[in-house]
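Presented below is the structure to which this report refers.
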Amino acid sequence: MLTISEITKKIKKVLENEVGEVELIGEISNFVHHQSGHKYFVLKDSDAQISAVMWASTKLSFIPKNGMKVVVRGNIEIYPPQGKYQIICKKMMPAGEGDLYLAFEALKLKLQEKGYFEISHKRPIPNLPLKVGISTSPTGAAIHDMHQTISRRNKLINIYFRPTLVQGDGSSEDIVKAINELNTMNCDIIIIGRGGGSIEDLWSYNTEIVADAIYESKTPIISAVGHESDFTIADFVADIRASTPTAAAELVSSITIDDIVNFLDNSTNMMNNITKDRINWYKDFLSSKIDKELSKPLKDKINIFNQLIDYKSNFINLVVSNRIKHSKAQVENFGLRLNSNDPMLPLNKGYSLLKYQGKYIESNISLNDYDEIEIIRKNEQIKVKIGG
């Protein structure tokens, strides 16, 4: 004969071992957000229901409501005091576009009330940023387009690229890590973003933890998520929203290398004109002071000084012109050196980057059999194990 506790333990063991982790879809009802932070609710469909629990330590990207259709992932367990089975939810997402939109609007309202969208909190974008941090996928078109646009418009800009997950499990957390890492690199500005997609594809940029990271960033952030018609929570919190990743690249390179060269040319012409005008003024002043009846030796001396002024004027113009040409050559040289150090060039030539335990592999790092390494190529990123 068994006691209630004993049979419950047997059922608990069988159920938890046989079923384990599952993914369920259903409608929320009887939702309770306890003062402890834990969330209790029922997940149901037309024929059945199951109790569900989500612990306070589990972060959500939206605000659940009764009647909302959701997908949850978790483990089936027995709750012995009541003799009932329940699911302990590790993740929860709205199931359809309608529910995603409701979740989006709920989080948007919450952050608006917290002041995350206030204009007074927006930081100005530098006119000529020379260190630009970029967080996006290493395999998508976005990084290629941004890198190409910035390099074409202004080769003086250094790009600090942090490859980032942009959708799927763990992507929101990786976006947060990317923002925090780029903040430690003293960048002038950070671009976060990706190419277009469905609302589900872009959902990582609609999470509260990403909004918090953008709001708390010490470095100004441009949000460039999706296409021109796509809007995410990240767009509202960021210091400025770009309609596409390419538009973000154009924003940070608004002053091009041609603009700098033109500025130097205009400065040269202005300095030459100012010098000529001042010399001509002094020449006219001296001429006006010469008395026609002055002795010839004095007139000769004045004429000599006039010739000397003309000579000095030509010499100054030549020196200034040579200095400007030298500076322009240095700028162009610097741009060529920067381009040769482009971190993407090896990938464009067919080479690969190798990472072990999150760090790029250097020549002094030894690898062993069965170590897992990450291979990053131009159009793909895979993980492999070294054969034994």
Side-chain angles (χ1 to χ4, degrees), residues 12 15-34 36-79 82 84-111 137 140 164-177 194-213 225-227 230-236:
K12 177 179 173 68
L15 187 62
E16 292 178 2
N17 288 343
E18 293 296 324
V19 179
E21 184 174 286
V22 296
E23 190 170 88
L24 304 177
I25 184 169
E27 182 181 307
I28 294 175
S29 66
N30 301 331
F31 183 83
V32 175
H33 194 164
H34 195 269
S36 64
H38 305 319
K39 302 170 186 68
Y40 303 93
F41 55 98
V42 172
L43 197 64
K44 65 179 184 179
D45 59 22
S46 58
D47 300 315
Q49 66 180 35
I50 182 174
S51 297
V53 179
M54 178 171 277
W55 305 128
S57 58
T58 304
K59 301 297 183 183
L60 275 178
S61 62
F62 67 101
I63 301 172
K65 293 183 179 180
N66 287 327
M68 182 179 286
K69 197 173 185 180
V70 295
V71 175
V72 300
R73 183 185 298 173
N75 292 91
I76 300 295
E77 296 184 0
I78 290 289
Y79 182 55
Q82 295 182 5
K84 68 176 184 179
Y85 69 94
Q86 60 186 13
I87 180 169
I88 308 300
C89 301
K90 297 177 181 178
K91 289 185 178 294
M92 183 193 299
M93 276 283 292
E97 283 200 15
D99 287 322
L100 283 171
Y101 179 75
L102 291 175
F104 173 87
E105 289 298 324
L107 181 58
K108 181 181 172 184
L109 179 61
K110 177 182 178 181
L111 297 179
S137 168
T164 311
L165 293 173
V166 296
Q167 71 182 74
D169 290 345
S171 54
S172 292
E173 291 79 4
D174 198 40
I175 293 167
V176 171
K177 288 180 183 177
R194 52 156 292 160
S198 66
I199 187 171
E200 290 91 347
D201 294 336
L202 306 182
W203 193 254
S204 300
Y205 295 89
N206 287 323
T207 59
E208 190 166 2
I209 59 171
V210 170
D212 289 339
V225 182
H227 300 306
D230 297 321
F231 277 88
T232 64
I233 294 296
D235 295 327
F236 293 107

Measure across [X] and [Y] and return the closest heavy-atom pair with its distance rounded to 0.1 Å.
| X | Y | result |
| --- | --- | --- |
| Cys89 | Val72 | SG-CB, 3.9 Å |
| His38 | Ala56 | ND1-N, 3.0 Å |
| Pro64 | Ile28 | CB-CD1, 3.8 Å |
| Met54 | Met92 | CE-CB, 3.7 Å |
| Leu107 | Glu208 | CD2-N, 3.8 Å |
| Gly140 | Ser137 | N-OG, 3.5 Å |

ask   = Are side-chain heavy atoms of Ile175 and Arg194 found at a separation under 4.5 Å?
value =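 They are not in side-chain contact.
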Heavy-atom side-chain contact between Ile233 and Lys108 under 4.5 Å =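 Sidechains of Lys108 and Ile233: in contact.
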Sequence neighbours excluded, which residues qualify as side chain to side chain contact (heavy atoms under 4.5 Å, CB included) partners of [X]?
| X | value |
| --- | --- |
| Lys177 | Arg162, Asp174, Glu181 |
| Ala234 | Ile192, Tyr205, Ile214, Ser223, Thr232 |
| Val22 | Val19, Leu24, Ile76, Ile87 |

About how many Å separate [atom2] of [Y] and [atom1] of [X], when rounded to the nearest 0.5 Å?
| X | Y | atom1 | atom2 | answer |
| --- | --- | --- | --- | --- |
| Lys69 | Ile25 | NZ | CD1 | 4.5 Å |
| Asn30 | Asn66 | CG | CG | 6.5 Å |
| Trp203 | Ser172 | CH2 | OG | 10.0 Å |
| Phe41 | Lys39 | CZ | NZ | 9.0 Å |

Could you work out, with side chain to side chain donor-acceptor pair (under 3.5 Å) as the rule, every residue matching [X], not counting sequence neighbours?
| X | value |
| --- | --- |
| Lys90 | Glu21, Asn75 |
| Asp169 | Arg73 |
| Asp212 | Tyr116 |
| Glu173 | none |

ask   = By ring pair (Phe, Tyr, Trp, His ring centres under 6.0 Å), which residues pair with His227, not counting sequence neighbours?
value =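 For His227, no residue satisfies ring pair (Phe, Tyr, Trp, His ring centres under 6.0 Å) once neighbours in sequence are set aside.
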inquiry  = Please enumerate all residues that pass ring pair (Phe, Tyr, Trp, His ring centres under 6.0 Å) together with Phe236, with sequence neighbours excluded.
reply    =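 Here the qualifying residues are Phe117.
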ask   = Can you name the residues that form a salt bridge (Lys or Arg N to Asp or Glu O under 4.0 Å) with Glu27, not counting sequence neighbours?
value = none
message = The criterion is salt bridge (Lys or Arg N to Asp or Glu O under 4.0 Å); which residues satisfy it with Lys12, sequence neighbours excluded?
response =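 If we apply the salt bridge (Lys or Arg N to Asp or Glu O under 4.0 Å) test to Lys12, skipping adjacent residues, the hits are Glu16.
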task = Scan for side-chain hydrogen bond (donor to acceptor under 3.5 Å, both in side chains) pairs involving residues 42-54, sequence neighbours excluded, and state none if there are none.
result =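 side-chain hydrogen bond (donor to acceptor under 3.5 Å, both in side chains) check on residues 42-54 returns Ser51-Lys84.
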ask   = Would Val176 and Thr207 count as a side chain to side chain contact (heavy atoms under 4.5 Å, CB included) if you check the C-alpha gap in whole Å, the side-chain angles of each, and the deciding distance to 0.1 Å?
value = CA-CA 10 Å; Val176 171; Thr207 59; over 6 Å; no
